[in-house]
Each structure stands twice: as structure tokens, then as C-alpha cells.
There are 2 protein chains.
Amino acid sequence: MKTIDTPPRPVRGRPRSFNREEALRRAMEVFWRKGYDDASLGDLTTAMGINPPSLYAAFGDKEALYVEALRHYLDEKACRETFWADVPTARAAVEGLLLHSAKTLPGASAGCMLVMSGLNTSSSKVRKAAIACRANAESILKKRIERGIREGELPAGTDAGALAKFYETVLQGLSIQAADGASPKSLQAVVANAMRAWPERSKRRRST
Amino acid sequence: MKTIDTPPRPVRGRPRSFNREEALRRAMEVFWRKGYDDASLGDLTTAMGINPPSLYAAFGDKEALYVEALRHYLDEKACRETFWADVPTARAAVEGLLLHSAKTLPGASAGCMLVMSGLNTSSSKVRKAAIACRANAESILKKRIERGIREGELPAGTDAGALAKFYETVLQGLSIQAADGASPKSLQAVVANAMRAWPERSKRRRST
DNA sequence: TTTATTATGTAGTGTACGATACAGATTGTT
DNA sequence: AACAATCTGTATCGTACACTACATAATAAA
């Protein structure tokens, strides 16, 4: 799902000399690695291969560039719908999501960009955008769990919202653990523990 | 446990005109609320009621002041040993810790200072100190769990390190959830889910 | 060819920040 | 009383930052 569509190419004037998508991708990597505040315009323009006026003409300002980079991150790196395309059960979807994080986050030196966004950040615009994106991610997780309930995979009385929030909480904690230097193996053990909280389908308990 | 002892009072010279402990406490509150980078020296000196030279004479520099403020936070707000003084079981200790966070964090507008420290921060000194403090907190949790294993509360084969890391991960996720505006009630539901992963003492399973 | 429009590179602007120089104030020591 | 030592308030310093003014280049339309 494209969240922001590229404005239609202007018909007149000097054409842009750089690839906007590619520049955005590089900006995303800088923001991901250094965070919003610590990524200076110099860092960004160097990585993007352009000068400040081009950046401002194409993206607005630093805040807008960050928000767009975060959206790009979600589409490219963390799109749950596509990640879950062929996963049959909610349990496998959640476990796969957590394990994916456990395996890949220790490589990214700064955790998950979505999780880290807006924390300790001066820009309230960035903070609000990050909160909204995380809420959206949680709602996607919730919907997958609700589907599991509808399909009989989970007990009928399961609180999908609370369960989604729990696994989202674990996911967010994993990023901090990864940023602190935890190994993939230790994070996988964390995931294994988290999955022990998964509501089993009536292992011999009255269901009302 | 005092981690840093106040240097002995110099015998000569003009005496300090402010209370160092009280100034440190106020600096801690500013850092807690705004984070390391976003707390300016102006914010700090205003809250502390002193001028920059006094700050530098008493605390070194901004980084050293932050590290000391973080230690103060641990002693005052988050000392697990004293928090667990009268808690008989490891399970109650962990659950109490999580519930305490679930109830109090939504009030603090920026989550737990220990958890948020060093994230998206320019100072590597602050980052390293934060990582060390979190590792220490996790080891305290691990020791409490190991005691539970020794005392027969937990199954003999339990991996204390993995279990401690799991609950520390949840604790860290709770701070992000709180910073995102989650209510105490919803966080308590997260805690309830997390406690479902607690290893029960052989509810009819072979214990080797 | 001329004109309008948009992008580019150079070279800055203003500002906020962390940190400090300095002179004067306040103490203990001799 | 004279001196040494330490702290305090004022008034900065140098720097890094986000951002932009401006002249010029490159394109499409007239």
C-alpha cells in the first residue's frame, strides 16, 4: 500500500538530477542508524548525494523527510500484510514476526526504526507520527488475532486487543534488547518464552 | 547501595550555596522528562536554581551529570532489592515489578528513565552507562529467579537467564507503550498475559 | 529565439547550544 | 590583617545546526 504518492512530474522547468526514491531510501538508512536528532542535514545530504536546497525542494524539511522515510521503512522492511501472506494461523504469524525480529534486529545496530522512532526526540511532529505508526502496526496484529478467533484457532473469549498489545510490547522490548547488544540466540529464547503465553484452545478447561 | 560517594567537603574556600543532592534530584527530573539531548543546560540550571559554572564545578559536565542522575534514579525510584524486601516468591516479585510499572509509568510522561536512557542519544558515554545499568537490572532479576529455582518454586531445569531477559524485555516494552499513551488498565492486561508465560511447577508433567 | 519555470551549487544566515573567562565574593589558614 | 582556596554571577566564546538567498543552469512552452 502506497501511503504517499509521488507528485506528478512538472511539465516545465529544469528536471530533477537525482532519483527521489533512491535518495529517500538512503535518508531512511541514515535516520534508521542515527535517529532523527543525531542525523544532521550534512549526514543526510552526503548520503543522498545532493545539496540542502534540493532536499528542501523535494521533501519539505527535515521533519517531513523523516516521516516519509518512516513510511518507506514500513512499506519496505516491516509490512506485516505481505510478511503474513502465506501464513495460515495467527499463532504462526505472531511467532514468525517475533522470530524475524529476533534474528534480524541484532544486525541493525539501532533496533527497529518503527519502535525507536520518536523516543527522546525533540520534534513533536516526529513523535506523533511514530505513535500513529505503532498504533497502526498494533491494530494490524489485532486484526490477525481476531481472524484467528473467528476461525476457531483461539478461544472464543480471547481479548484480541490485550493479546495484540502484549505481543507488540514484547516486539518493542526486543528492539531495546537488540540495541543493547543482545544476540539473536538470546532473543529467540525471549520469543520462546513469549509464545508460552499464547492462549491454547481449551486444554481441558471449561469454556463457560 | 550508594554507587558514588560525595567527595569530602573541602576545608577552605567559599562554601557551596546550594544543596547538591537537591540539585541532582531536580536535574534527574528534567532528564527524565526530556531525555539527555533535549534537556538543555538552560533547562537544567533553571530547574536546579544555579548558574552554569556552579553546575560544572559540582558535576563535571552534562554527560557526567546525566550519569549521576541516572544512578540517583535507580537508587530512589527503581531499586529492586528494596522493592522486593518482603516479597516471598520470585513470581510475586516479577509480577509486582511489572504491575508497579503498569500502574506508575502512564503518569510519568516519558516512561521509565532507565529504559529510555541512551536511546537515540548522541552521547556514547550516556549510551554505555544506560546499557550497563540495564544489564545490571536484568542480572538482579535473574538472581531473584535463580533463588526461586533453588527454593523449589520454579522447575529445576528453568533457564533463569532467558526468563529474566524475557521479563526485562516486557518491562522495556511497557515503557514504550506508556510513552505512546497506553492506559494503566491496558498495561495491566499486558502484564497478565506476560505472567501466563511463568513456568508452573509441574502441573502434571514429568520433572525428569 | 525568447520567456517562464523549476532545479542546482555556493555561500552563507540566524540561532541555540555546551562550555568557560573573569572578576568579585566568601570562607579557612597563617 | 594578609593570603590562599573555592564558589558565584555575568557575559560571553566557538561551534554545529537547520535552513535559505541568490545567481546560474536546464528544461518546456510561446
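First the proteins, then the strands, lettered A, B, ... as listed; each starts at 1.
Distance CG (B:Asp37) to P (C:dG18): 9 Å, rounded to an integer number of Å. Atom CG of B:Asp38 and atom P of C:dA16 are 14 Å apart (whole Å). Between the CZ atom of B:Phe18 and the C1' atom of D:dT6 there is a distance of 12 Å, rounded to whole Å. When rounded to the nearest whole Å, the span between CG of B:Asp43 and C1' of C:dA19 equals 16 Å. A:Phe59 has its CZ atom 14 Å from the C1' atom of C:dA7, to the nearest Å. Spacing between atom CG of B:Leu41 and atom P of C:dT20 amounts to 11 Å, rounded to whole angstrom units. Rounded to whole Å, atom P of C:dA7 lies 13 Å from atom CG of A:Leu55. As rounded to whole Å, 15 Å separates atom P of D:dT12 from atom CG of B:Asn51.
In the set D:dT8, C:dG18, D:dC19, the nucleotide with an atom closest to the side chain of B:Ser54 is D:dT8.
The backbone N or O of B:Thr121 sits less than 3.5 Å from a side-chain atom of B:Arg127, completing a donor-acceptor pair. Looking at A:Glu68, its side chain never comes within 3.5 Å of a backbone N or O of A:Phe59 through a donor-acceptor pair.
The distance between the ring centers of A:Tyr167 and A:Trp198 falls below 6.0 angstrom.
The pair B:Glu22-B:Arg25 counts as a salt bridge, with a side-chain nitrogen and a carboxylate oxygen less than 4.0 angstrom apart. With salt bridges taken as basic N to acidic carboxylate O contacts below 4.0 Å, one links B:Arg91 and B:Glu200.
Put simply, B:Ser17 has a side-chain N or O that comes within less than 4.0 Å of OP1 or OP2 on D:dT8.
Atom NZ of A:Lys165 has more than 12 neighbouring heavy atoms from other residues, nucleotides or ligands inside a 6.0 Å radius.
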Where protein sits on nucleotides 20-30 of chain D, one letter per nucleotide: B base, S sugar-phosphate only, - none, heavy atoms under 4.0 Å: BB---BBBSS-
